[in-house]
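Scroll down for the structure; my scribbles are underneath it.
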Amino acid sequence: MAPKKEVVKYLAAGRPPTASRPKKKGVVKNLAAGRPPTATKPKSLARKTTKSIINKLHLLEKRKVQAIKKGDSAQVVAIEAEIEALGGIEKYQEASLQGQRHDRGGDSSSVLMEWVGPYFSSEEYKDGRLRMLEVGALSTKNVCAQSNHFDITRIDLNSQEPGILEQDFMARPLPKDELGKFDIISLSLVLNFVPDHKDRGEMLVRTTQFLTSPKRFSGTTAAFFPSLFLVLPAPCVTNSRYLDEERLTAIMESIGYQMVESKTTQRLVYYLWRRTSDQVGHDKPFKKEEIRSGSTRNNFAITLV
Ligand SMILES: C[S@@+](CC[C@H](N)C(=O)[O-])C[C@H]1O[C@@H](n2cnc3c(N)ncnc32)[C@H](O)[C@@H]1O
């Protein structure tokens, strides 16, 4: 299958490949072949296998960004071939879907539903459904979708279902007016997929441009919306050389967000950030600076330049 135009552009930008690899007999024999539909019982990849696929692909994406920065096109081609051989984004998404299984921690949107529950049982809710933009959607059947409380627009670089638009959030046209904006954006396990720390910062800033004005809301609604639901692998915040919760909070506050809820599990960190102003952009830069040392730390960073 030839990569679509959008995909080619994405590859050129040093981001994950979306072209699917022709399935060779024997190569995926022991892995769940194809994508597991969420409505039926998903085929199982061992927990260790899913973790290893995700880690390997993240590492390759990082190396690819470095090779692009160095202008080493031979290296870029070699890394792309390695990514392709591992199954590329399709294998990554398959592994991620396995991670959403109930017995592996479940779908992260269930945490969001717990947090915003008080709003849905308040008097104000009679006003109707909220508009959600789900970036990096792998399924149309997560807990949020099943709640029926949201009108959800779903996008992903590599759509897995007809209800998911194949689109790069960074290339999504900016809304022309309030009607084209959203009350909440879900960015669950997407930011860590972006290989470059500067691009991660840009992605966070960009979310503010798709959210409605906080002036639209009052009462209980204003306690939760407009907001960003952010989920990351826990070590990105708990064990990074360059990021901890204090630093993340400072970054978010500098782009106009305030933390409303947070939760840390062994695997993941979850946050609900409420947009507090109409500002776009950040009020001070955040460089890649070591804030904790130690040989067992990881290098996850978010910067605002
Ligand atoms: C690990 S999956 C996360 C899936 C799901 N949201 C979850 O919480 O399990 C990351 C997804 O983010 C998507 N993604 C990454 N960057 C994106 C971008 N700029 N625009 C749209 N989707 C993106 C990838 O294609 C991938 O399917």
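Both ligands and their constituent atoms are indexed starting at 1 by order of listing.
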Could you pull out all residues at least two apart from Tyr271 that satisfy ring-ring contact (aromatic ring centres under 6.0 Å, His included)?
-> Trp273
For Gly136, is at least one N or O under 3.5 Å away from an N or O on ligand 1?
-> yes
Looking only at N/O atoms, are Asn158 and ligand 1 under 3.5 Å apart anywhere?
-> no
side-chain hydrogen bond (donor to acceptor under 3.5 Å, both in side chains) evaluation trace for Thr207 with Tyr257 | CA-CA 11 Å; Thr207 60; Tyr257 281 117; 2.7 Å; yes
Distance-only polar pair, side chains of Thr140 and Glu161, donor-acceptor under 3.5 Å | yes
Short N or O distance, Glu134 and ligand 1, threshold 3.5 Å exclusive | no
Report yes if some heavy atom in the side chain of Arg216 is under 4.5 Å from a heavy atom in the side chain of Asp183; otherwise report no.
-> yes
Relative to the heavy atoms of Asp168, which atoms of ligand 1 are at a distance of less than 4.0 Å?
-> 18 (C), 19 (N), 20 (N)
Please identify which atoms of ligand 1 are closer than 4.0 Å to at least one heavy atom of Gln167.
-> 20 (N), 21 (C)
Cation over ring face, Arg131 and Phe182, 6.0 Å, 45° = yes
Hey, is Arg172 one of the residues with a heavy atom under 4.0 angstrom from ligand 1?
-> no
Atoms in ligand 1 flagged as close to Phe169, the criterion being non-hydrogen separation under 4.0 Å = 18 (C), 19 (N), 20 (N), 21 (C)
Looking only at distances, please establish whether an N/O atom of ligand 1 is found under 3.5 Å from an N/O atom of Leu138.
-> no
What about Met170 and Leu211, same hydrophobic cluster or not, with Ile/Leu/Val/Met/Phe/Trp/Tyr joined at side-chain heavy-atom distances under 4.5 Å?
-> yes
Decide yes or no for Val305 and His282: does some side-chain heavy atom of the first lie under 4.5 Å from some side-chain heavy atom of the second?
-> no
Should the pair Phe169 and Phe210 be assigned to parallel (<30°), tilted (30 to 60°) or perpendicular (>60°) ring geometry?
-> tilted
The atoms of ligand 1 lying under 4.0 Å from a heavy atom of Ser108, numbered in the order shown, are 8 (O)
If you measure from each heavy atom of Val190 to ligand 1, is any distance below 4.0 Å?
-> yes
Arg200 and Leu232, any side-chain heavy atoms less than 4.5 Å apart | no
What do you reckon, does Asp156 put a non-hydrogen atom under 4.0 Å from ligand 1?
-> yes
Pick one of side chain, backbone, both or neither for how Phe193 approaches ligand 1, counting any non-hydrogen atom pair under 4.0 Å.
-> side chain
Would you kindly specify which portion of Ser188 sits under 4.0 Å from ligand 1, judged on non-hydrogen atoms: side chain, backbone, both or neither?
-> both
